[in-house]
Amino acid sequence: MGRYIIRRLIQAIPVLLGSTFLIYLTVFALPGDPIASLAGEKRTDPTVVAILREQYHLNDPFFLQYWYYIKGVFVGDFGTTFAKVEVSDLIAGKFQVTINLAMTALILEAIIGVGLGLWAALRRGQAIDSAILASTLILISVPTLVTGFVLQLLLGVQLKTSTGFDFFPVAGVYDGWRSYLVPGFVLAGVSIAYLTRLTRTSLAETLRADFVRTAVAKGLPRRRVVGRHALRNALIPLVTYLGADLGTLMGGAVITESIFNIPGIGQELFRSVYERQQPVVVGIVTLLVLVYILANLFVDLLYAVLDPRIRYE
Amino acid sequence: MKNTATEVVPAEGGLGNDPLLAVDNLHVEFATRAGLVKAVNGVSYTLNAGETLAVLGESGSGKSVTAQAIMGILDMPPARIPLGEVRFRGTDLLKLKEEARTQIRGQRIAMIFQDALSALNPVFTVGWQIGEMFRVHRGMSRRDAETKAVELMDRVRIPAAKQRVNDYPHQFSGGMRQRIMIAMSIALDPEVLIADEPTTALDVTVQAQIMELLAELQRESNMGLILITHDLGVVADVADKIAVMYGGRIVENAPVHDIYRTPGHPYTKGLLESIPRVDQKGQELYAIKGLPPNLLDMPSGCSFHPRCPYRQDNCVTDVPELYEINPTRNSACHYWREVLDGTDG
Ligand SMILES: Nc1ncnc2c1ncn2[C@@H]1O[C@H](COP(=O)(O)OP(=O)(O)OP(=O)(O)O)[C@@H](O)[C@H]1O
Ligand code: SF4
Ligand SMILES: [Mg+2]
């Protein structure tokens, strides 16, 4: 197992290099001059511009620029913004906020998605199954922007004004974990719907497997047949989905963060792209890729724990 | 609560002369999109303790569905049992409540399946799966159950059972996996064991070993064995009697030696003539012409009539009953006498 982990980590290095390179290339290719946009409307002294360009290696060829950058990243130096703020300081706090948001979303997704999916699978063809399927379709088809504003209005504003039940804050992150509940749900929305459907299919399929028939033939109570023999197998694809989804959730946080005014990495990314803060953009994306790689590694390990056929390959 | 079944179904002997297991006029149908599939249409056979009944018949003739109905593991719906009885020591299992049925299933009537790889749960160790019988049905501790599992693995002659008890199904060879399946099924000393094509997925040498093992276990425990197979070759060695199925019906019931000497139904005769024999080398194999019947739309009269060399006019209209040839034999053919005499129609 230990060797497996090490091998997987080594495999992650080229992925990290490749993806940061692509990001760097994309940001590099963005039109506009970062120094000029730094100064805004004012005219800048050409000598100052020249000094700044030299200082930030902006005159060097692209590959050299990338080399300077990636060297820094490996020692934890993500560079500075053009306004001389350490990128790592800038990102750190915001990253924590987005992690909180994404984890809340992931937990809600796992609980609601798996719960509803199992319920539907065990009541296949009945009214509750159809109701669950219909609601997943709604979740998938309504844009996040709409669910976000509607839930913000209903839970954050109207619930309070009409019943006095002050539990869900309207926006911001000033109320601890409660602040993350509604945004987390909004962020998870589409994923919840997909996970529900995946869970339903996975369990329904497993229930038809030969080994489930064997479990019945052993005279085991239905509870045990479903809860032990079928469920344990049906969970395997769900874990993969959930793990891969953590990255998607973090990347998808931009809209949710702006609806609920959450000072996370999404907002920062949006602003940096707008202001052409190359080091910040690349820094954030690099971190996202890192999270994605780690989440996938974690999933693979979990997979090996859940499925012995993989463990011994 | 635990003893419901024992109260409902007598443990030994039973009432009067009831056989250990009697399937009586069993019907099973499936509601499908294409229509009602009548998979089993009045199957009857009996099994006594220590006896081996071989159930023969081509693919789709309803052998497995009958077995699943006996076990009570059909999914209902889509399956339905409109008619018939499955009497275990005189008690009709089909009328029992589900809890009582669960007490019999696996403990007193057990089953092994064709493909042991898919029939064993891939994510649990074989020891866990065998031991589960003792933990769930006998309330044993994990450790005791594992000891029992090792004993059983020894009994079905899995080498190094003690070291392998914590291995997973995919780590065993096909033959060893089927042995594990057998170990699991005999764990609680069932009175009836149903083996549904236990060797079909295995290669020939392993097939013989598994058959030998089953025969030996049966001799030791005096259980009744229902052996479902298409392989007439293995049947001659191990079976006491044979039930031949065609289109969801029994077409012939007979002691094994009678049937080999003088088949009493044209279909059985066709099956026997399709076994390759050393003394007939070079001769063309007799294969029964035509296709198996469509279960959605069974032929009128005798369902074998489109393929039967003995057919007469009334075969197309009259359904043959299961005629008694002698007290131990039946044939569902109007012309069983001609078939027995060997005069070709
Ligand atoms: N769940 C089901 N739904 C619909 N039809 C079914 C179902 N299960 C079995 N059948 C049908 O019942 C018929 C009998 O099937 P069965 O499995 O008993 O055949 P078999 O004699 O065991 O054949 P084989 O030798 O291939 O195992 C088949 O035609 C099959 O299509
Ligand atoms: S009843 Fe007629 S068709 Fe059927 S098996 Fe006998 S001879 Fe053939
Ligand atoms: Mg079958």
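Chain A is the first sequence line, chain B the second, and so forth, proteins listed ahead of strands; every chain is numbered from 1. Hydrogens, waters and symmetry mates are skipped; everything else that's a heavy atom, side chains included, is used.
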Review point. Does A:Y194 OH have over 12 foreign heavy atoms under 6.0 Å away?
Key: no

Review point. Should we say atom CH2 of A:W119 is surrounded by more than 12 heavy atoms from elsewhere, each under 6.0 Å from it?
Key: no

Practice item. Only one of B:D167, B:T125, B:V123 passes side-chain contact (heavy atoms from CB on, under 4.5 Å) with A:P308; say which it is. Key: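 Only one of B:D167, B:T125, B:V123 forms a side-chain contact (heavy atoms from CB on, under 4.5 Å) with A:P308, namely B:V123.
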
Can you tell if the side chain of [X] reaches within under 4.5 Å of the side chain of [Y], non-hydrogen atoms only?
X: A:K218; Y: B:Q107; value: no
X: A:N233; Y: B:N121; value: yes
X: B:Q114; Y: A:D210; value: no
X: B:D75; Y: A:R208; value: no
X: A:R232; Y: B:F124; value: yes
X: B:V136; Y: A:P221; value: yes

Check your understanding: Under a 4.5 Å heavy-atom cut-off, does chain B meet the side chain of A:A217, its backbone, both or neither?
Key ->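 Contact with chain B is through both the backbone and side chain of A:A217.
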
**Study point:** Results of side-chain hydrogen bond (donor to acceptor under 3.5 Å, both in side chains) for B:E151 - residues two or more places apart only
**Key:**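 Partners of B:E151 by the side-chain hydrogen bond (donor to acceptor under 3.5 Å, both in side chains) criterion come out as none, since no residue qualifies.
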
What is the distance from atom [atom1] of [X] to atom [atom2] of [Y], rounded to the nearest 0.5 Å?
X: A:R224; Y: B:R135; atom1: CZ; atom2: CZ; answer: 6.0 Å
X: A:T214; Y: B:M111; atom1: OG1; atom2: CE; answer: 9.0 Å
X: B:H137; Y: A:L220; atom1: NE2; atom2: CG; answer: 5.5 Å
X: B:T102; Y: A:R222; atom1: OG1; atom2: CZ; answer: 11.5 Å
X: A:F211; Y: B:L117; atom1: CZ; atom2: CG; answer: 11.0 Å

Exercise for review: Take A:V216 and B:M71 through the side chain to side chain contact (heavy atoms under 4.5 Å, CB included) test and state the conclusion after the steps.
Suggested key: CA-CA 9 Å; A:V216 177; B:M71 286 299 288; over 6 Å; no

Practice item. Assess whether side-chain hydrogen bond (donor to acceptor under 3.5 Å, both in side chains) is satisfied between A:H229 and B:E132, documenting all intermediate values. Key: CA-CA 11 Å; A:H229 286 262; B:E132 189 178 29; 2.8 Å; yes

Practice item. Side chain from CB out, backbone as N, CA, C, O: work out which of these in B:A119 comes under 4.5 Å of a heavy atom of chain A, or both, or neither. Key: both

Practice item. Against chain A, label B:Q129 side chain, backbone, both or neither, depending on which of its atoms sit under 4.5 Å from a heavy atom there. Key: both

